[in-house]
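Report on the structure given below.
As a basis for the values below, the full set of heavy atoms in this structure was taken, side chains included, without hydrogen atoms, waters or symmetry mates.
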Amino acid sequence: MHTLFRRLLSVEYMLKPSQRTDQPLPSSKDVYLRQYRISWPCAVESVLVSLIGSIDTMMVGGISPEAIAAVGITNQPKFILLAVIFSLNAGVTAVVARRKGQNDMDGANRCLRQCLIISFCLSLLMGAIGLIFARPIMLFAGAGADIIGDATSYFRILMISLVFMSVSLTINAAQRGVGNTKISMRTNVGANLFNILFNYLLINGIWIFPKMGVQGAAVATVIGNMAACIMSVLSLYHRAEFLEMRHKVSWRFDKKTMSSIISISGSAMVEQVFMRIGFFTYAKIVATLGTVAFATHQVCMNIINLSFAFGDGLGVAASSLVGQSLGEKRPDMALIYGKTGQRMAFGVSTVLFFLFLFGGRFLVSLFSTDVQVQTLGAEIMVIIACTTHFQTSAVVFSGCLRGAGDTKFVAMTSFLSIGIIRPILSYLLCAPLGLGLVGAWLGLLADQFLRFSLNMFRFKGGRWTRIEV
C-alpha cells in the first residue's frame, strides 16, 4: 500500500523519460507545499466568491421560493455581461505569470495597467446595457409574472456595481498570476463580511435600515463589491511587490503586450460565449419546469458551486504555477504542478462526495424551509455527489491549459460540452422522457464527465508545454 501511494503521489513518478530535463527536480514535499501555499488562498477566495451568491439565496430563502427564483434567475444574464471581463482576465493571469517566470517586472505591470483600462471601459458599457434593458433581459431569461418585478429590480441594482466588480476581478487575476493569492482572498473576505452584514440589515429592516427584501440583498452585494474594489486597488500600493502602481511604467498600449493578451483572451472569449449560451439555455429549460423546480435548481446550483470553487482555487493555482514554470523554461515542472494539483483536487472532491451524499438534505435546508424544495433537492444532491470528482479535476486540467495559453482547446471543449451536450441532453431528459429536474441534472453530469475526459487527454498529451506567450 505504501508503495502504491508513493508511486501515485511522488513527483519522481510523474514524468515520462522523454519529459525530463537535465535540471534536478525538487522534492515531493517542496512541490506540494508550494502548491498548497498558492492554492489554499485561491480555494478560500473561490469559495467566498460563490458564497456571495449563496448568502443572498440563503437570506432571501426565508421570504419565499419566489424570492429565491427571482435572485437566481439573474445569475446567467449577469455572467453573460461579465463574460468579456472573464475572458480578459484569463489573458491577464497567463501573461503576468509568464512575465513573473521571466522576472520581467515592467512587462507584468504594463499588462496589468493596460487591462485595467480595458476592464473599466468594458464594464461601464456592460453595466449601462444591463440597466437599460433589465426587464427584457429578465423576460428572455424566463422570469414569470410571479418573479419578474423582483428579478428586474434586483438585476438593475446589481448593474451599478459592475465596474467595481470588474476592476477588482482584473487586479486579482494579475495578483494570482504572480502567486499573490492571499491578496485576492483578503479582498473577498472583506466583500463577504460587508455583504452578510448589509444583507441582514436591509433584507429584514433591522435597526435604522428599511426593510427592502430582495432589493436589500442586491444593495448589500453592491456594497460588498465596492469594498472589494477598494481593497484590490490598495493592494497595488504595497512597496516591494512585483505588481506595484508606483512602479514607473507607461499606461500606453503597446503591441507586444496587447498581442499576447488578445491571443489568449480572444480564445477565452469564444469559450465564455459558448459557456454562457449553454448555461443560459440550460437555465431557461429548467425555468419552464415551474417556480418550485427552479428554486430547487437554484439552491442546488449554489451548493455545487461550492464544489466548483474548491476545484477552481486549485485550478487557478495550477494556472499560475504552470505559467511561471513555462516562463522559467521548465516544462517538466509545469507537468508536475498540473498533476499534483489534480491529486489534491481528487482528495478534496472525495470529502465533498461523502458530504453531499449523506448531508444533502441538510445542506438544502440551509437555503429553504419549503418542504417541496428540500425533498426534490435531496434527490439532486445524489447526482451532485457523483459529479464532484469529474468537476474538480476538469477545472484543474483546464486551469493548466489556460496558464500555458492553450485557450483554444479549452474553448472547443466548452463549446462541445456546455454549448451542445448539456442543453440538448437536458431538454431530452426533462421534456420528452419526463424526468423533470432530475433529467436536467443528469445532463449536467454528462457535461462534466465529457469536459473532464477531453481536458485530461489534452493535458497528458503535453503539446501545451510548447506554446509561446
Side-chain angles (χ1 to χ4, degrees), residues 42 45-46 48-50 52-53 74-97 111-112 114-127 129-130 158-159 161-177 181 184 187-188 191 221 225 228-229 232 260-280 282-283 301 305 308-309 311-313 315-320 323 394-395 398-403 405-415 417-419 451 455:
C42 289
E45 178 197 351
S46 295
L48 290 175
V49 168
S50 71
I52 291 177
T74 65
N75 284 339
Q76 290 312 317
K78 177 188 72 177
F79 286 129
I80 287 173
L81 292 175
L82 281 170
V84 66
I85 304 299
F86 293 145
S87 308
L88 175 70
N89 292 345
V92 171
T93 299
V95 172
V96 169
C111 174
L112 171 60
Q114 292 169 39
C115 290
L116 276 175
I117 295 172
I118 297 171
S119 180
F120 179 81
C121 294
L122 287 175
S123 59
L124 274 179
L125 176 62
M126 295 298 106
I129 291 172
L158 213 60
M159 290 299 99
S161 69
L162 209 67
V163 171
F164 303 108
M165 190 190 310
S166 299
V167 169
S168 178
L169 287 171
T170 299
I171 293 173
N172 288 346
Q175 295 284 19
R176 287 193 294 265
T181 51
S184 53
T187 63
N188 283 295
T221 302
N225 286 329
C229 181
S232 297
S260 298
I261 289 292
I262 291 170
S263 173
I264 297 172
S265 297
S267 299
M269 182 64 200
V270 174
E271 177 194 359
Q272 284 292 325
V273 169
F274 293 148
M275 284 177 60
R276 297 309 156 192
I277 291 174
F279 288 151
F280 190 80
Y282 179 66
M301 286 300 294
N305 281 343
F308 171 81
D312 187 49
V316 168
S319 181
S320 174
V395 172
S398 63
C400 294
L401 298 176
R402 287 193 191 96
D406 195 8
T407 49
K408 290 181 181 178
F409 181 82
V410 179
M412 185 273 289
T413 61
S414 296
F415 168 67
S417 64
I418 303 174
R451 264 188 287 170
N455 288 327

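Checked by atom type and distance alone, the side chain of S319 never pairs as donor or acceptor with a backbone atom of G315 at under 3.5 Å. Side chain of S320 to backbone of R176: a donor-acceptor contact under 3.5 angstrom is found. Panel note: side chain N225, backbone T221; a donor-acceptor pair is recorded below 3.5 Å. With D312 contributing its side chain and F308 its backbone, the two residues share no donor-acceptor pair below 3.5 Å.
Counting heavy atoms from C-beta on, the side chains of N172 and L169 never come closer than 4.5 Å. At a threshold of 4.5 Å between non-hydrogen side-chain atoms, the residues F120 and S166 do not count as touching. In this structure, L82 and M126 have side chains that are not in contact, with every pair of non-hydrogen atoms separated by 4.5 Å or more. Taking 4.5 Å as the limit, some side-chain heavy atom of M159 sits within range of a side-chain heavy atom of L81. Residues V167 and S232 form no side-chain contact, since every pair of their non-hydrogen atoms from C-beta on lies 4.5 Å or further apart.
Rounded to the nearest 0.5 Å, atoms OG1 (T413) and NZ (K408) are 14.5 Å apart. The distance from the OG atom of S87 to the CD1 atom of I261 is 11.5 Å, given to the nearest 0.5 Å. How far CD1 of I262 is from CE of M269: 13.5 Å, rounded to the nearest 0.5 Å.
With no hydrogens or angles considered, a side-chain donor-acceptor pair links N89 and T170 at under 3.5 Å.
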